[in-house]
Amino acid sequence: MTGDRIRVALVDDQALFRAGIRMLVSSQPDLAFAGEAANGREGVSLVRDARPDVVLMDIRMPVMDGIASTAAIIEAADREGFRPPRIIVLTTFDLDEAAARAIRVGASGFVLKDAEPEFLLAAITTVHAGSAVIAAGATRELFQFFSDAQPEKRRPESFGSLTSREREIFILAARGLSNSEIASSEYLSEATVKTHISRILGKLGLRDRVQLVVFAFEHGLTSWESS
């Protein structure tokens, strides 16, 4: 019975690595292994057929790399009307420009391939719950990458659609605060914060909190301005 378990798929060109991850995921009572693929193109087909909840996606693969595969999976979900999986990019570097690009096209974060098994398992449940996950120690460098990539920062028109309260919560979320931390800071319930975050994502056309953070740094929106 897998109805209440998180269905996890793996896309990686190394057979031995796939075997290890398959064993790890299958050993967890709250996870179910939904299939594997050896390159990005096969990964797109796997997601279409198996409809996993979470995909572990290697960056560098033959035929189609992880960035192109992530973009294709998101596009196919939008085109065919199914909910896209959360995608965790697997990388060998603390700060991988390719991983940052994968986040830009729709991934929910990245994890080092040599991370502890417990960290990877926690990452799966974290992104499935709707949050982002970034390899430990890489957050500041990741944000700097997006900041440096956009020397001319212009406030997008969509940001003007946010209410004053939504802008306040946007800034706090962009700084990495959790819903509970925002709720405590703003004297709100967590349910209210969650509703605000959902509305903010909808108005800005963002998929999740990691894209919210990237959006903030791309457009220089990491500090509150009342004007």
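Along the sequence shown, the residues carry numbers beginning at 1.
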S.K.: Can you give me the closest heavy-atom contact between S108 and R86, atom names plus distance?
M.R.: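 Between these two residues, the closest heavy atoms are OG-CD, 3.5 Å.
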S.K.: Cation-pi between R7 and F33: NZ/CZ under 6.0 Å from ring centre and within 45° of the ring axis?
M.R.: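 Output no; distance or angle outside limits.
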S.K.: Would L212 and L204 satisfy side chain to side chain contact (heavy atoms under 4.5 Å, CB included), going step by step from the backbone distance to the final call?
M.R.: CA-CA 8 Å; L212 182 152; L204 300 181; 5.5 Å; no
S.K.: Treating Ile, Leu, Val, Met, Phe, Trp and Tyr as nodes and any side-chain heavy-atom pair under 4.5 angstrom as an edge, say whether L90 and V44 lie in one connected cluster.
M.R.: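 Cluster IDs for L90 and V44 differ.
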S.K.: Taking a hydrophobic cluster as the set of Ile, Leu, Val, Met, Phe, Trp and Tyr residues connected by side-chain heavy atoms closer than 4.5 Å, whether directly or through intermediates, do V127 and I21 fall within one such cluster?
M.R.: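 Yes, it is one cluster - the side chains of V127 and I21 are joined through contacts under 4.5 Å.
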S.K.: Is the number of heavy atoms from other residues, nucleotides or ligands under 6.0 Å of E80 CD greater than 12?
M.R.: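 Yes, the 6.0 Å shell around CD holds more than 12 heavy atoms from other groups.
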S.K.: Is it true that a side-chain atom of E186 and a backbone atom of I182 form a donor plus acceptor pair closer than 3.5 Å?
M.R.: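 Checking the backbone N and O of I182 against the side chain of E186, no donor-acceptor pair under 3.5 Å is found.
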S.K.: Could you measure the distance from the CZ atom of R167 to the CG atom of L172? Nearest 0.5 Å is fine.
M.R.: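 CG of L172 is found 14.5 Å from CZ of R167.
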S.K.: Checking T192 against S189: is there a side-chain donor and acceptor pair closer than 3.5 Å?
M.R.: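 On atom types as modelled, these side chains qualify, holding a pair under 3.5 Å.
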S.K.: Given V25, which of V8, V54, L10 fulfils the side-chain contact (heavy atoms from CB on, under 4.5 Å) condition?
M.R.: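 Going through the options one by one, the only one that passes is V8.
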S.K.: My understanding is that only one of V89, D12, V11, I124 makes a side-chain contact (heavy atoms from CB on, under 4.5 Å) with L56; could you say which?
M.R.: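 Among V89, D12, V11, I124, the one meeting side-chain contact (heavy atoms from CB on, under 4.5 Å) with L56 is I124.
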S.K.: Does K203 reach the main-chain N or O of L162 with its side chain, forming a donor-acceptor pair under 3.5 Å?
M.R.: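 Looks like no, no N/O pair under 3.5 Å.
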S.K.: Does any part of the side chain of H196, heavy atoms only, come nearer than 4.5 Å to the side chain of F170, both counted from C-beta?
M.R.: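 No, their side chains stay 4.5 Å or more apart.
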S.K.: State whether D13 and R18 are salt-bridged, where the test is any N-O pair (Lys NZ or Arg NE/NH1/NH2 against Asp/Glu carboxylate O) under 4.0 Å.
M.R.: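 No, D13 and R18 are not salt-bridged.
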S.K.: Return the minimal non-hydrogen interatomic distance between M61 and N39, and the atom names on each side.
M.R.: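 The answer is SD-CA, 3.9 Å.
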S.K.: Tell me whether S26 contacts the main-chain N or O of M23 through its side chain, where contact means a donor paired with an acceptor under 3.5 Å.
M.R.: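 No; zero donor-acceptor contacts below 3.5 Å.
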S.K.: Hey, is the main chain of G40 close enough, under 3.5 Å, to the side chain of S69 for a donor-acceptor pair?
M.R.: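 Yes, the answer is positive, given that a donor and an acceptor are paired below the 3.5 Å cut-off.
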S.K.: Please give me the minimum heavy-atom distance between P85 and P52, naming the atom from each residue.
M.R.: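 Heavy atoms of P85 and P52 come nearest at CB-O, 3.3 Å.
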S.K.: Taking the side chain as every heavy atom from C-beta outward, state whether D58 and F17 have any pair of such atoms under 4.5 Å apart.
M.R.: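 No; the side chains remain at least 4.5 Å from each other.
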S.K.: Do V55 and L121 land in one hydrophobic cluster if side-chain heavy atoms of ILVMFWY residues count as linked below 4.5 Å?
M.R.: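 No, separate clusters.
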S.K.: State plainly whether the residues R83 and D53 are in salt-bridge range, i.e. N to O under 4.0 Å.
M.R.: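 No, R83 and D53 are not salt-bridged.
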S.K.: Should I87 and I59 be counted in the same cluster of Ile, Leu, Val, Met, Phe, Trp and Tyr side chains packed under 4.5 Å apart?
M.R.: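 No: no chain of side-chain contacts under 4.5 Å links I87 to I59.
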S.K.: Of I73, I74, T70, which is the lone residue that meets side-chain contact (heavy atoms from CB on, under 4.5 Å) with V105?
M.R.: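 In the set I73, I74, T70, the residue that makes a side-chain contact (heavy atoms from CB on, under 4.5 Å) with V105 is T70.
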S.K.: So with a 6.0 Å cut-off around NZ of K194, is the heavy-atom count from everything else above 12?
M.R.: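 At most 12 heavy atoms, drawn from other residues, nucleotides or ligands, come within 6.0 Å of this atom.
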S.K.: When rounded to the nearest 0.5 angstrom, what is the spacing between CZ in R51 and CG in L46?
M.R.: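 Reported to 0.5 Å precision, the distance equals 11.5 Å.
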S.K.: Below 4.0 angstrom, N of the basic side chain to O of the carboxylate: do E166 and R199 qualify?
M.R.: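 So E166 does not pair with R199 through a salt bridge.
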S.K.: How close do R48 and R79 get, heavy atom to heavy atom, and via which atoms?
M.R.: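 R48 and R79 have their closest heavy atoms at NH2-NH2, 4.1 Å.
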S.K.: Measuring from atom CD1 of I200 to atom OG of S158, what distance do you get when rounded to the nearest 0.5 angstrom?
M.R.: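 The CD1 atom of I200 sits 11.5 Å away from the OG atom of S158.
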S.K.: Among the clusters formed by ILVMFWY side chains lying less than 4.5 Å apart, do I88 and L24 turn up in the same one?
M.R.: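 Yes, it is one cluster - the side chains of I88 and L24 are joined through contacts under 4.5 Å.
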S.K.: Is the side chain of S184 donor-acceptor paired with the backbone N or O of E181 at a distance under 3.5 Å, no angle test?
M.R.: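 Not a single qualifying donor-acceptor pair exists.
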